[in-house]
Amino acid sequence: MAAMCARYSLARTDAALADLFGVPELASVPPREMIYPTQDVPVVVEGPRGVRRLGSRRWGLVPHWADDPTIGQKMLNARSETVAEKPSFRRAFAARRCLVPADGFFEWLKDGKARIPHRFARADGRAFAFAGIWERWGGRGGNEAPPHGSGAGDDAALETVAILTTLPNETVAPVHDRMPVILPETAWGPWLDPENRDTAALAALLVPFAAAPLSCMRLR
DNA sequence: CCAGACGTTGTT
DNA sequence: GTCTGG
DNA sequence: CCAGACGTTGTT
DNA sequence: GTCTGG
């Protein structure tokens, strides 16, 4: 079956990410050629005064009301078409948007019984950013703590993230009918701004990335 | 009205 | 916590 | 929200 | 047509 954004890569050093996103370095972001759901992944979040930071979130969003955090295992992606309304996602969409740095993502082409992996990346090799939303679950401070983890007052809180999806562009369409939302640099500001309540403007950012800058490599 | 879901389409 | 399905 | 009931306990 | 049960 066709894949979705259930695998991506980030083989960048922490320093390179810090440079690309203009944020202080995190302690350690190990380069990875293949990132899986439930792993901790780096994200870029923005605080009150426009201060951006690298953070870490578990991939697979656990809604604030969840009784059992294993529900996050199936919340890898959020459809951009419905993310503003879905009970599981709308709070995160309204208040906790982030960027998820990547330098490639994988989709599987269904060919009869076979599934052939493809890797998509920027032709120029640069890293890019998925649109993400994140949530905080459990811990001591409830769910309304400040947007930077590892801060004070949220012992044992689990911070999780989901990657938004949209229709495929012309590069991806031959392989799969969905693709992750990749935000161009011009969209990073409005997407990250926690004060941005213009949901129509936000939704307008969630469109297929331009086809031309993306390359597709058939693997195997 | 209550019970059950709450998501996407996904290869650890 | 809120919506949906029955 | 939709499907299904919607009545009584009775000699035409 | 409206209420109830699920």
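Below, chain A is the first sequence line, B the second, and so on; all start at residue 1.
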* Asked: Expressed as a whole number of Å, how far does the C1' atom of B:dG4 sit from that of E:dG6?
  -> 12 Å
* Between B:dA5 and E:dT2, how far apart are the P atoms? Round to whole Å, please. => 34 Å
* Structure fact -> Contacts of A:E170 meeting salt bridge (charged side-chain N to carboxylate O under 4.0 Å, His left out) (sequence neighbours excluded), chain-then-number -> none
* **Criterion side-chain hydrogen bond (donor to acceptor under 3.5 Å, both in side chains) against A:E46, the qualifying member of A:R52, A:R97, A:R53** => A:R52
* To do: Scan A:P117 against the nucleic acid and name what it touches under 4.0 Å (heavy atoms): base, sugar-phosphate only, or nothing.
  => nothing
Are there any protein N/O atoms within less than 3.5 Å of an N/O atom in nucleotides 2-6 of chain C, and if so, which ones and at what distance?
| unit_1 | atom_1 | unit_2 | atom_2 | d |
| --- | --- | --- | --- | --- |
| C:dT2 | O3' | A:R90 | NH2 | 2.9 |

* Gap between atoms CH2 and P, on A:W65 and C:dG1 respectively (whole Å) -> 12 Å
* Picking from C:dG1, B:dT9, B:dC6, which would you name as closest to the side chain of A:S88? -> B:dC6
* Using the C1' atom as the reference point in each nucleotide, state the distance between D:dG7 and E:dC3 in Å, no decimals. => 14 Å
* To do: Taking only the side-chain heavy atoms of A:T165 (C-beta and beyond), determine which of B:dG7, B:dT9, B:dC6 contains the nearest atom.
  => B:dT9
* Residues A:E85, A:R90: salt bridge by 4.0 Å N-O rule -> no
* What about A:F128 and A:F209, are their ring centers closer than 6.0 Å? -> no
* Rounded distance (nearest 0.5 Å) linking atom CE of A:M75 with atom CD1 of A:I133 -> 10.0 Å
* To do: Could you tell me which residues satisfy side-chain hydrogen bond (donor to acceptor under 3.5 Å, both in side chains) with A:Q39, sequence neighbours excluded, listed by chain and number?
  => A:R32
* Asked: Base, sugar-phosphate, or nothing for A:A78, non-hydrogen atoms under 4.0 angstrom?
  -> sugar-phosphate
* To do: Output yes when at least one side-chain N/O atom of A:R178 is less than 4.0 Å from OP1 or OP2 of B:dT9, else no.
  => yes
